[in-house]
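The structure appears below as structure tokens.
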Amino acid sequence: MKSYKIALVPGDGIGVDVTEAAMEVLTAAGQKFGFALEAESFPWSCAYYLQHGAMMPTDGITQLRAFDAIYLGAVGWPETVPDAVSLHGLLLPIRKAFNQYANIRPHRLLPGVEGPLKSERFDILCIRENTEGEYAGAGGRVHQGMGNEVAVETAIFTREGVERIIRFGFEQARARRKHLTSVTKSNAQKFSMVFWDEVTKELAADYPDVTVSHMHIDAMAAKMVMAPESLDVVVASNLFGDILTDLGAAIQGGLGFAASANICPDRSGPSMFEPVHGSAPDIAGQNIANPIAAIWSGAMMLEHLGEGEAAAAVLLAIESATAAGIGSRPGTHATDAITKAVKSALES
Ligand code: IPM
Ligand code: MN
């Protein structure tokens with residue numbers, strides 16, 4: 001039987017709850033479709049930080065490299081560890097170390113889920129640059145605490161980084177409805193964003209079958225609310241993609257439905273799968289977090305591992321649960337009840 005080695009990093013808060021839920025469904029998918037998930041769990045989290053003074057051991061990245069994929073719940077417990085410390089100690093280094101430069105986030109309404117918009121027929125695939133740009137981590141502070149204090153944070157856009165993410169966007173568009181929208185702010189940011197626009201235009205020559213639109217981030221925010229059905233694949237920088245995908249989550253009914261995959265396209269390292277939502281300390285451990293985003297992210301992991309049939313079946317099972325009203329509205333079903341509904345739909 002085929003077997004895949006999965007590194008589980010449940011992390012903090014509801015990350016733990018939803019990782020357990022996702023693994024329950026993914027294991028059932030393996031039983032049905034004839035593969036095993038050999039999961040090893042790592043306790044790396046804010047609790048781990050308080051004990052060890054680091055979010056993960058110094059050889060954490062080396063340990064993860066041996067796996068076929070990484071599944072992450074959520075990271076952050078700001079009451080005890082500042083977010084800037086916990087995220088730069090775990091999630092962000094993993095994305096960078098394994099060159100997971102494409103962060104893929106699908107936004108569409110599941111059956112039975114009521115979004116806040118009039119438009120219900122949208123299917124957007126957001127491709128967020130995941131390793132550089134505004135979140136490159138380049139910068140510094142001087143004269144801290146003094147009147148003349150200066151903080152600088154520089155966005156880094158490399159030709160390699162920009163080309164590969166836009167090319168990835170074109171490839172995704174080619175496999176879908178053949179429409180790519182590149183999001184920048186080149187009217188105000190005259191170096192990095194003009195550069196991004198130029199690279200998009202250069203690459204467009206290789207994809208004559210794909211229609212390209214250029215939009216500014218502010219106009220795009222409005223478009224995602226007013227006419228989301230006009231969008232297909234959207235490609236954006238790290239910061240812009242981060243913001244747009246929370247907006248995407250909102251129009252698809254909330255963060256409980258927003259899945260994501262941090263992909264290393266050349267497979268030189270493992271890719272990582274995680275729901276878009278955070279650790280939500282206020283509802284942690286109460287069996288009330290919606291596990292659907294986490295299970296959907298798990299389906300994206302199966303797809304990446306080459307188990308496309310199982311991935312499609314998990315998605316169908318999610319849809320049959322939400323269509324029956326289970327997990328489709330906040331506060332009506334417990335985490336384990338939604339998980340059970342998805343699992344039994346999968347097994348039926
Ligand atoms: C996300 C999150 C992270 C990000 C944070 C927690 C650093 O918001 O995955 O969208 O911005 O990448
Ligand atoms: Mn975010």
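The model shown is predicted, which means the values in this text are computed figures rather than measured ones. First listed ligand is number 1; within each ligand, the first listed atom is number 1.
- Between L239 and E134, the shortest heavy-atom distance links the atoms N-OE1, 3.0 Å.
- Considering both main-chain and side-chain atoms, R105 comes within under 3.5 Å of ligand 1 through a nitrogen or oxygen pair.
- The Mn ion (ligand 2) lies at 2.8 Å or more from every N, O or S atom belonging to D246.
- Nearest protein heavy-atom contact of atom 2 (C) of ligand 1 is D242 OD1, 4.2 Å.
- Considering only non-hydrogen protein atoms, atom 12 (O) of ligand 1 sits nearest to R95 NH1, 2.6 Å.
- Of all atoms in ligand 1, listed by their number and element, those nearer than 4.0 Å to a heavy atom of Y135 are 11 (O).
- Scanning all heavy atoms of the two residues, the minimum distance from V18 to A294 falls at CB-CB, 3.5 Å.
- Residue R128 touches ligand 1 through its side chain alone, judged by heavy-atom distances below 4.0 Å.
- Judged by distance alone, the side chains of E229 and S119 do bring a donor and an acceptor atom under 3.5 Å apart.
- Using a 3.5 Å distance cut-off with no hydrogens or angles, the side chains of R95 and N238 do not pair a donor with an acceptor.
- A salt bridge links E319 to R108: one of the charged nitrogens lies within less than 4.0 Å of a carboxylate oxygen.
- Looking from atom 5 (C) of ligand 1 to the surrounding protein, the closest heavy atom is L87 CD1, 4.3 Å.
- Closest to the Mn ion (ligand 2) among the N, O or S atoms of D242 is OD1.
- The backbone N or O of M272 sits less than 3.5 Å from a side-chain atom of N262, completing a donor-acceptor pair.
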